[in-house]
S.K.: 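Take this structure first; my questions come after.
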There are 2 protein chains.
Amino acid sequence: MFDNILQQIVEGTGGGIGAVLMGYDGIAIDQYFCPVVDADLQLMAVEYANVLKEIRKAAEILDTGVMEEVSIRTERFHVIIRMINQEYFVALTLERDGNVGKGRYLLLRDAAVLREALA
Amino acid sequence: MFDNILQQIVEGTGGGIGAVLMGYDGIAIDQYFCPVVDADLQLMAVEYANVLKEIRKAAEILDTGVMEEVSIRTERFHVIIRMINQEYFVALTLERDGNVGKGRYLLLRDAAVLREALA
């Protein structure tokens with residue numbers, strides 16, 4: 001069920017290459033990757049789980065309110081991470097020139113569906 | 001000189017409240033804050049320096065290329081971080097409903113100027 005939602009997000013986003021629904025402990029619940037991808041997106045999500053823990057800690061120290069979305073652009077990829085709840089997040093990886101706006105929109109739209117399904 | 005550039009970025013971005021030019025070691029070179037701000041933006045930048053070190057480490061492990069831009073949205077703020085070079089970054093903090101697109105554009109435009117000035 002989760003993989004259908006993830007597939008829709010990836011296929012609906014121009015340049016989308018994969019999405020992972022994952023806990024902050026780095027354990028994936030579900031994932032969908034485009035068939036032809038030469039990057040280890042699961043390893044990527046595990047690494048970013050560590051990053052998110054740091055950001056969450058920073059947000060708590062700074063009292064800037066709950067972290068909602070993080071977007072990271074590197075030379076090769078664009079990763080958009082949307083928090084689902086206190087335990088889970090979705091990481092969507094796009095080609096560098098992918099449609100970031102569409103990806104953000106689909107993540108925001110489907111976050112509520114994922115949140116309910118996880119409850 | 002840096003504070004003029006930072007001021008232009010903050011004032012040119014709708015909802016902009018402050019910008020800091022900082023090293024990954026958490027030491028600020030220069031900064032500009034709107035007069036009426038009740039958040040400790042310097043502490044915020046120091047915390048985010050730690051986060052960036054984690055992201056940079058992740059990008060290296062994952063071989064996804066150099067990190068260029070990170071954007072973090074919390075309940076209260078939106079922070080856009082643009083890498084200047086291997087040692088320095090600029091963090092622009094906006095109100096939650098600020099003009100993120102304009103902020104990203106101004107950071108990208110002025111990154112080259114800051115890079116030259118720092119060389």
Side-chain angles (χ1 to χ4, degrees), chain A residues 17-18 20 24 26 37-83 86 89 91-98 100-101 103-105 107-108 111, chain B residues 17-18 20 24 26 37-83 86 89 91-98 100-101 103-105 107-108 111:
Chain A
I17 54 184
V20 184
Y24 284 104
V37 175
D38 78 337
D40 188 338
L41 297 187
Q42 179 140 14
L43 178 63
M44 203 181 281
V46 172
E47 284 299 324
Y48 284 126
N50 285 326
V51 169
L52 292 180
K53 274 190 280 193
E54 286 297 315
I55 297 178
R56 194 157 70 161
K57 211 163 63 187
E60 274 167 21
I61 292 169
L62 297 166
D63 193 24
T64 55
V66 175
M67 170 177 69
E68 295 178 350
E69 190 191 279
V70 175
S71 155
I72 298 168
R73 189 190 179 91
T74 69
E75 273 174 334
R76 287 179 60 201
F77 299 112
H78 202 124
V79 183
I80 312 168
I81 301 162
R82 179 97 209 164
M83 311 314 137
Q86 285 294 312
F89 64 89
L92 169 65
T93 302
L94 317 180
E95 301 285 357
R96 208 187 125 82
D97 56 356
V100 177
R104 291 184 61 203
Y105 164 73
L107 286 175
L108 178 60
Chain B
I17 55 183
V20 184
Y24 284 103
V37 175
D38 78 338
D40 187 338
L41 297 187
Q42 179 140 16
L43 177 62
M44 203 182 282
V46 171
E47 285 297 326
Y48 283 126
N50 285 325
V51 169
L52 293 180
K53 274 189 281 194
E54 286 296 315
I55 296 178
R56 195 157 67 161
K57 210 163 64 185
E60 273 167 22
I61 292 169
L62 298 166
D63 192 25
T64 56
V66 175
M67 170 176 69
E68 295 178 350
E69 190 191 279
V70 176
S71 156
I72 298 168
R73 190 189 179 91
T74 69
E75 273 173 334
R76 288 179 60 201
F77 300 112
H78 202 123
V79 182
I80 311 168
I81 301 163
R82 179 98 210 161
M83 312 313 138
Q86 285 293 313
F89 65 89
L92 170 65
T93 302
L94 317 180
E95 300 285 357
R96 208 187 123 81
D97 56 355
V100 176
R104 291 184 61 203
Y105 165 73
L107 285 175
L108 178 61

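Chain letters run A, B, ... following the sequence lines, proteins first, then strands; residues in each count from 1. Computed from a prediction, not measured in an experiment: that's the story for all the values here. Below, all heavy atoms of this structure are taken into account, side chains as well, without hydrogens, waters or symmetry copies.
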S.K.: Counting heavy-atom pairs under 4.5 Å to chain B, which of A:Arg96, A:His78, A:Lys57 comes out on top?
M.R.: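 Option with the top pair count is A:Arg96.
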S.K.: Within this structure, what is the CZ-CZ distance for the pair A:Arg104 and B:Arg73, rounded to the nearest 0.5 Å?
M.R.: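 Here the interatomic distance stands at 6.0 Å.
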S.K.: Looking at CD of B:Glu69 and CD1 of A:Ile72, how far apart are the two atoms once the value is rounded to the nearest 0.5 Å?
M.R.: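 So the CD of B:Glu69 and the CD1 of A:Ile72 are separated by 11.0 Å.
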